[in-house]
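First up is the structure itself, then whatever we jot down about it.
The analysis underlying the following values was restricted to heavy atoms, covering all of them including side chains, and did not include hydrogens, waters or symmetry mates.
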Amino acid sequence: MIREYRISGAAVYKNRIRKKYTQEKLSELSGISRSQIQRIEKEVASNCTIDTFMKISVALEVDWQELIYEGESE
């Protein structure tokens, strides 16, 4: 069973801007499609696998747990 987590779109956006990365650059570094990154950033919280968390956090050089959405579940 693959466990899913909710990723914070705001946290991804904030960290991407801090690194001065475009969505395209983050896509290249993480291996996640630009359209998926756009969708994640647009959402308050998106369901993602741990693999997606890890790829984005490595590309942004942050701990993956910093990207977890901690608000109420929908």
Side-chain angles (χ1 to χ4, degrees):
M1 179 175 95
I2 296 176
R3 183 167 180 187
E4 288 201 344
Y5 295 87
R6 293 175 61 75
I7 192 167
S8 167
V12 172
Y13 175 79
K14 177 187 82 173
N15 283 287
R16 179 176 65 78
I17 296 304
R18 181 183 55 79
K19 295 291 286 183
K20 298 183 173 125
Y21 290 165
T22 62
Q23 289 177 338
E24 188 65 37
K25 178 71 173 177
L26 180 55
S27 173
E28 291 170 12
L29 292 172
S30 66
I32 305 295
S33 71
R34 188 172 59 82
S35 62
Q36 185 174 1
I37 290 168
Q38 287 174 324
R39 183 185 58 77
I40 288 169
E41 288 186 355
K42 231 190 297 188
E43 302 281 328
V44 171
S46 299
N47 290 334
C48 291
T49 63
I50 192 71
D51 186 52
T52 299
F53 266 101
M54 294 303 291
K55 287 177 179 180
I56 292 175
S57 68
V58 167
L60 293 172
E61 299 177 332
V62 297
D63 186 296
W64 70 272
Q65 293 178 346
E66 289 182 42
L67 303 178
I68 292 177
Y69 176 74
E70 296 183 10
E72 294 182 28
S73 1
E74 296 175 350

Item to complete: Rounded to the nearest 0.5 Å, what's the gap from OG on Ser30 to NZ on Lys25? Could you check?
Response: 11.0 Å
Worksheet item: Within the distance-only criterion (no hydrogens, no angle test), does the side chain of Ser27 pair as donor or acceptor with the backbone N or O of Ile32 below 3.5 angstrom?
Response: yes
Discussion item. What's the separation between atom CZ in Arg6 and atom CZ in Phe53, rounded to the nearest 0.5 Å?
Written reply: 9.5 Å
Worksheet item: Going hydrophobic residue to hydrophobic residue with side-chain gaps under 4.5 angstrom, can you get from Tyr13 over to Ile40?
Response: no
Worksheet item: Quick one: which of Ser8, Cys48, Ser57 gives a side chain to side chain contact (heavy atoms under 4.5 Å, CB included) with Leu67?
Response: Ser57
Discussion item. Is there a path of hydrophobic side-chain contacts, each under 4.5 Å between heavy atoms of I/L/V/M/F/W/Y residues, joining Ile68 to Val58?
Written reply: no
Worksheet item: Can you tell me if CZ on Arg18 sees more than 12 non-hydrogen neighbours from other groups inside 6.0 Å?
Response: yes
Worksheet item: Is the count of non-hydrogen atoms from other residues, nucleotides or ligands lying under 6.0 Å from Tyr21 atom OH greater than 12?
Response: yes
Item to complete: Give, for atom CD1 of Ile56 and atom CD1 of Ile7, the distance between the pair rounded to the nearest 0.5 Å.
Response: 4.0 Å
Practice prompt. Supply the atom-to-atom distance Ile37 CD1 to Lys55 NZ, rounded to the nearest 0.5 angstrom.
Written response: 11.0 Å
Fill in: Gap between atom CD of Glu28 and atom OG1 of Thr22 - 0.5 Å precision
7.0 Å
Worksheet entry | Gap between atom CZ of Arg34 and atom CG of Leu26 - 0.5 Å precision | 11.5 Å
